[in-house]
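Only one structure is covered here, and it is reproduced in the block below.
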Amino acid sequence: MCNLVALTMVVPCFNEEDMLPISIPKFIGILQELIDNQLITKDSKILFVDDGSKDKTWNIIQQFHQTHKHVTGLKLSKNFGHQNALLAGLMSIDTDISISIDADLQDDPSVIKKMIEAYYGGAEVVFGVRDDRSSDSFAKRFFAQNYYKVMSRLGVDLIEDHADFRLMSKKALNVLRDFKEVNLFLRGLIPIIGFKTQKIYYARLAREAGETKYNIKKMLELAMNGITSFSVLPLIFIIWIGIFISILSGVMGIWALVVKFFIGGTVEGWTSIVVPMYFLGGVQLFTLGIIGIYISKVYLEVKARPRYIIEDEIK
Ligand code: UDP
Ligand code: MG
């Protein structure tokens, strides 16, 4: 190959002291193999992003850097979450291509070679897609499968069973830079940017050490983020409830008037209280829904806080 490119593997790490002594040597081995096979240049590297770990993660990264110059690091000032840590890494690279991969070796690193070949074949973004979820728990599998269904019903363009294991060229990353949103859901954003893409299938492996750093709270937050950052359908749903209640209140109003004038026996004042109550309830929900849509648009625009803060760097 004539024009070799430099690669940075971006690895977000949160409390990964159990995993890193296993995964760093493995990542180094893979990088060396790619260099030896003349797929990438010698100045390729691995960037570990310490997402505010409370354990020895950063020390381990520093130690490996002493003996392996390919190992570099970025330390965030606190835990910003996987998506932001990943973005911090991706935005700081200076090589031609990046590959984002989890620290726990669940994303099969041997797929990286195929990803790079796909890049040389013209793809600007290469998605790693799991075609086997047997290593996930039943609950996680159930949740993930239904989540992709709901998202597609809500009109969000997601690549099913693709998480954040992907290759992105500098060109694609520069476009990503222009997306300023604070509520990050990268796997929803990247299909929006376009370019030539390719999918590579792999079997998701089990975590080799340590526990998942995605507790239920983080998982639900990510899921909600995916919905609210990319779809206004939940707000439109409020409008439909409002319309439904408004119609119902109209029917109730007619019924109340019929009871008053033709059937009789109503308590004095009942009709004049009940009819406006239902009607106003419906109208209120309806207008709240419309206001909600506008607020959600403004909300998405005005949030301009930094998405991550870098404390330290090893180059
Ligand atoms: N991670 C992170 N910040 C967090 C949570 C997770 O950087 O707040 C990293 C974690 O170290 C790992 C990757 O994100 O490299 C995926 O997390 P994990 O493997 O725990 O998630 P799971 O595979 O269970 O979904
Ligand atoms: Mg994992």
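Just so you know, ligand 1 is whichever comes first in the structure, and atom 1 is the first atom listed for that ligand.
Using a 4.0 angstrom heavy-atom cutoff, K218 counts as in contact with ligand 1.
Proximity of I254 to L257: side-chain heavy atoms (C-beta onward) are nowhere separated by under 4.5 Å. A 4.5 Å side-chain heavy-atom check between L176 and M91 finds at least one atom pair inside the cut-off.
From the protein, the heavy atom lying nearest to atom 25 (O) of ligand 1 is K140 NZ, 2.7 Å. Scanning all protein heavy atoms for the shortest distance to atom 3 (N) of ligand 1 gives D51 OD2, 2.6 Å. For atom 17 (O) of ligand 1, the closest heavy atom belonging to the protein is Y214 CD1, 3.7 Å. The single protein non-hydrogen atom nearest to atom 19 (O) of ligand 1 is D104 OD2, 2.6 Å, given as residue, atom name and distance. Shortest contact from atom 6 (C) of ligand 1 to any protein heavy atom: K213 CB, 3.6 Å. If you check which protein heavy atom lies closest to atom 14 (O) of ligand 1, you get H82 CD2, 3.2 Å. Looking from atom 24 (O) of ligand 1 to the surrounding protein, the closest heavy atom is T212 OG1, 2.5 Å. The single protein non-hydrogen atom nearest to atom 9 (C) of ligand 1 is P12 O, 3.7 Å, given as residue, atom name and distance.
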* Between R166 and D107, does a salt bridge (charged side-chain N to carboxylate O under 4.0 Å, His left out) hold up when you go through it step by step? -> CA-CA 10 Å; R166 76 177 82 79; D107 302 322; over 6 Å; no
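In summary, the atoms of ligand 1 found under 4.0 Å from a heavy atom of C13, numbered by their order in the structure, are 7 (O), 11 (O). Atoms of ligand 1 lying under 4.0 Å from any heavy atom of A103, numbered from 1 in the order shown and given with element: 15 (O). Those atoms of ligand 1 that come under 4.0 Å of a heavy atom in E16, given as number and element, are 10 (C), 11 (O), 12 (C), 15 (O). Of all atoms in ligand 1, numbered sequentially from 1 with element shown, those under 4.0 Å from a heavy atom of N79 are 3 (N), 4 (C), 8 (O).
Evaluated for a side chain to side chain contact (heavy atoms under 4.5 Å, CB included) with K75, the options I314, I310, I61, D50 yield exactly one hit, D50.
A donor-acceptor pair shorter than 3.5 Å can be found between the side chains of Q83 and D164. Remark: the D36 side chain and the Q32 side chain contain an N/O donor-acceptor pair separated by less than 3.5 Å. E311 and S77 form no side-chain donor-acceptor contact under 3.5 Å, judged by distance and modelled atom types alone.
Remark: at the Mg ion (ligand 2), atom OE1 from Q106 and atom OD2 from D104 enclose 90°, rounded to the nearest 10 degrees.
By the criterion of a heavy-atom distance under 4.0 Å, both the backbone and the side chain of D102 are placed next to ligand 1.
Between F48 and F64, the ring centre distance reaches or exceeds 6.0 Å.
For the atom pair CZ (F14) and NZ (K54), the distance works out to 6.0 Å, reported to the nearest 0.5 Å.
Residue-to-ligand polar distances place F14 within reach of ligand 1: an N/O pair is separated by less than 3.5 Å. For a threshold of 3.5 Å applied to N or O pairs, the pair formed by Q106 and ligand 1 contains at least one separation below that value.
With a 6.0 Å cutoff to the six-membered ring centre and a 45° limit on the axis angle, K78 counts as a cation-pi contact of F80.
Contact record, P12 with I101: CD-O, 3.4 Å, taken as the closest heavy-atom pair.
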